[in-house]
Amino acid sequence: MSLFKAKKKYIRIKPSDYMGDDTVSHLDVPEDMFKKCPHCKNIIYAKDMGDEKVCPCCGYNFRLSSKERLDNICDEGTFVPFNEEIEPKKTFDFPDYEKKLEKAKENTGINEAVVTGFSKIGGIDTAIAVMDAGFIMGSMGIVVGEKITLLFEEATKRKLPVIIFAASGGARMQEGIFSLMQMAKISFAVRKHSEAGLLYVSVLTDPTTGGVTASFAMDGDIILAEPGTLVGFAGRRVIEQTMKSKLPKDFQSAEFVLEHGFIDKIVKRDELKDTLWKILKLHGTL
Amino acid sequence: MEDIKTSWDIVELSRQQDRMTGHELIDLIFEDFIEFHGDRSIGDDKAIVGGIASLKGKPVTVIGVQKGKNLSDNIETNFGQPSPEGYRKALRLMKQAEKFNRPIICFVNTPGAYSGATAEERGQGSAIATNLLEMSGLSVPVISILTGEGGSGGALALSVANEVWIMENATYSILSPEGFATILWKDGSKAKEASELMKMTAKDLLENKIVDKIILEYNGEKKLTNEEIANNLQEELEKALDRYSLMSKEDIKLNREIRFRKY
């Protein structure tokens, strides 16, 4: 029986012997070379996602920063920022809020959760706002509200259409009731723009929820959404608590709100610029 | 006013079941109230009551959130949490008021817009957004009075008004203190601390110019009766509407816009 008892002899390899020089290691793969898709969980070679950052396996739209979005949508070199630096009308002494803002600015390279400006899309002039979910979850406080209001007001003056890419967890909690007031403030500017016969296209991107859904995001003459975008008013957990039951996975998706009649169209990211251009063109704003 | 109350005391007072409901306020302040039902689309939300009435002989449209005073009422009115069809009913009545040039008076007491699955399916976000947009353009005066809890977008959807008043022990906030504490500290039990930070009491709100007037519930130590409060409200409303009756439609719109542009 010694045959079974005999310990197999393995050759031991010390990593250091094998690697020789330890400056060459497998950790040398650049950090952002591969990405894991949060939707289909596959590991993707980042270059395969393209500039649009779409998962080649399942079509999931990775969240874009405001800069990436502008690069995707605007004609090259045409974007001119508007009110890049804007001082809040009020400061909030909420614990750690200052620090949080500073950190968000540092991480994103932008001043607040929305970038606004003017640019061309396929040669057509438009006002554009892009919210950035990387900045305190794209939440809307005084500065975000003011920037969007000013953009609508300026677009009304210049007789330009407005395109807004919504991406927000909702109102900025740290700014309390003043965040809520932004929803009303923006509504006045949207209305005046609309009364001037001008076009407003709202594009819902992941995530569009809370006070942003319950105000300007749902006010567009035309409302588009990217596939799979989370679109809702109340948070999933809140609804589940209310209902005392679990919700289906696609609840509050762009597909769900389309089916219920609240948005006009779901547009794939790589067709978005073309679709926006066609809409602008059909509204005669060349 | 008593200064010794903490914000949390006021939160609790604002939620008391014996506060006047929309119906009660309407009955005490106005005459000839006729209730109108339905959003002309999918149903009639019992969390919103509304219709026409007269204020000292002048026709007005009145809309109120209806909270129940007991469990069975509350089941019917969904604890004062309006559904999308409730907001659409309110908007329908407001547009009707505009057509017939009647001032609009709203009584708001809601923990928030209903957050169930049906509310999402019927477009709660869209319903609130539409109310904000449409209220911003109404050519008749709108006065909204926060009478209990003023919970978030659900309260704002009836409060894009020329004047926003609040009862002494009512609140108005971005979210319930419980929800606020859950989001920021992942701990709903810190609601009491949250309420202090949130500046949600009548006094704080007046200081921050979120509301324009406080309607007293106490005279010194003495609690006013419902009738006394209603009488005061009636007088204040009459005075306010007299002021607006001298203004053109454009000026009424502009007045409301300026009020909200300052935020």
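A, B, ... follow the sequence lines: proteins, then strands. Residue 1 opens every chain.
- In terms of heavy-atom pairs under 4.5 angstrom with chain A, the leader among B/Ser173, B/Gly123, B/Ala117, B/Gly153 is B/Ala117.
- In this structure, B/Glu120 contributes its side chain and A/Gln252 its backbone to no donor-acceptor pair below 3.5 Å.
- At a heavy-atom separation below 4.5 angstrom, chain A is approached by no residue within residues 79-87 of chain B.
- Ranked by heavy-atom pairs under 4.5 Å with chain A, the list B/Tyr114, B/Tyr263, B/Phe260 is led by B/Tyr263.
- Salt-bridge check for A/Lys185 with B/Glu257: failed, with every basic side-chain N at 4.0 Å or more from each acidic carboxylate O.
- The parts of B/Ser152 that come within reach of chain A are both its backbone and its side chain, each placing non-hydrogen atoms under 4.5 angstrom from that chain.
- In terms of heavy-atom pairs under 4.5 Å with chain B, the best-connected choice from A/Glu195, A/Glu259, A/Lys192, A/Arg237 is A/Lys192.
- B/Ser115 approaches A/Val238 most closely through the heavy-atom pair OG-CG1, 3.6 Å.
- Sparse packing is recorded around CZ of B/Arg40, with 12 or fewer heavy atoms of other residues, nucleotides or ligands lying under 6.0 Å away.
- Neither the backbone nor the side chain of A/Glu175 comes within less than 4.5 Å of any heavy atom of chain B.
- Across all their heavy atoms, B/Glu121 and A/Phe251 have their closest contact at OE2-CE1, 4.2 Å.
- Contact tally against chain B (heavy-atom pairs below 4.5 Å) for A/Ile223, A/Thr213, A/Asp219, A/Val190: the top residue is A/Asp219.
- The shortest heavy-atom contact between B/Ala113 and A/Phe233 is CB-CE2, 3.8 Å.
- Nearest heavy atom pair, residue B/Lys262 against residue A/Lys89, reads O-NZ, 3.3 Å.
- The aromatic rings of A/Phe94 and B/Trp185 sit parallel, their planes meeting at an angle under 30°, below the 60° perpendicular limit.
- Contact tally against chain B (heavy-atom pairs below 4.5 Å) for A/Ala184, A/Ser194, A/Ser179, A/Gly145: the top residue is A/Ala184.
- With a 4.5 angstrom heavy-atom cutoff, A/Ile239 touches chain B via backbone and side-chain atoms both.
- For A/Lys103, the NZ atom counts as loosely surrounded, since its 6.0 Å shell holds 12 or fewer non-hydrogen atoms of other residues, nucleotides or ligands.
- Only the side chain of A/Phe262 has a heavy atom closer than 4.5 Å to any heavy atom of chain B.
- Residue A/Lys265 qualifies as open at atom NZ: its count of foreign heavy atoms under 6.0 Å is 12 or below.
- Here the side chains of A/Met218 and B/Thr130 are not in contact, with every heavy-atom distance at 4.5 Å or above.
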Show your working on side chain to side chain contact (heavy atoms under 4.5 Å, CB included) between B/Asn208 and A/Lys90 and close with a plain yes or no. CA-CA 10 Å; B/Asn208 277 324; A/Lys90 191 178 153 56; 3.5 Å; yes
Could you go through B/Met200 and A/Ile177, starting from their C-alpha distance and side-chain angles, then the distance that decides it, and tell me whether this counts as side chain to side chain contact (heavy atoms under 4.5 Å, CB included)? CA-CA 8 Å; B/Met200 59 194 286; A/Ile177 193 84; over 6 Å; no
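- With A/Arg191 contributing its side chain and B/Ser136 its backbone, the two residues share no donor-acceptor pair below 3.5 Å.
- When each of B/Val160, B/Leu205, B/Leu197 is checked for heavy-atom pairs under 4.5 Å with chain A, B/Leu197 comes out on top.
- When B/Leu156, B/Asn131, B/Leu132, B/Leu133 are each tested for a side chain to side chain contact (heavy atoms under 4.5 Å, CB included) with A/Ser215, only one passes: B/Leu132.
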Tell me, with the steps shown, if A/Leu180 and B/Tyr172 meet side chain to side chain contact (heavy atoms under 4.5 Å, CB included). CA-CA 10 Å; A/Leu180 193 71; B/Tyr172 193 15; 3.8 Å; yes
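- Summarising the local packing, NZ of B/Lys213 is surrounded by more than 12 heavy atoms from other residues, nucleotides or ligands at distances under 6.0 Å.
- Counted within 6.0 Å of CD on A/Glu98, heavy atoms from surrounding residues, nucleotides or ligands total 12 or fewer; the atom is thus considered open.
- In this structure, B/Asn70 places its CG atom where more than 12 heavy-atom neighbours from other residues, nucleotides or ligands lie under 6.0 Å away.
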Begin with the C-alpha distance, continue with both residues' side-chain angles, and end with the deciding distance and a verdict on side chain to side chain contact (heavy atoms under 4.5 Å, CB included) for B/Lys209 and A/Met181. CA-CA 11 Å; B/Lys209 298 192 169 68; A/Met181 294 301 120; over 6 Å; no
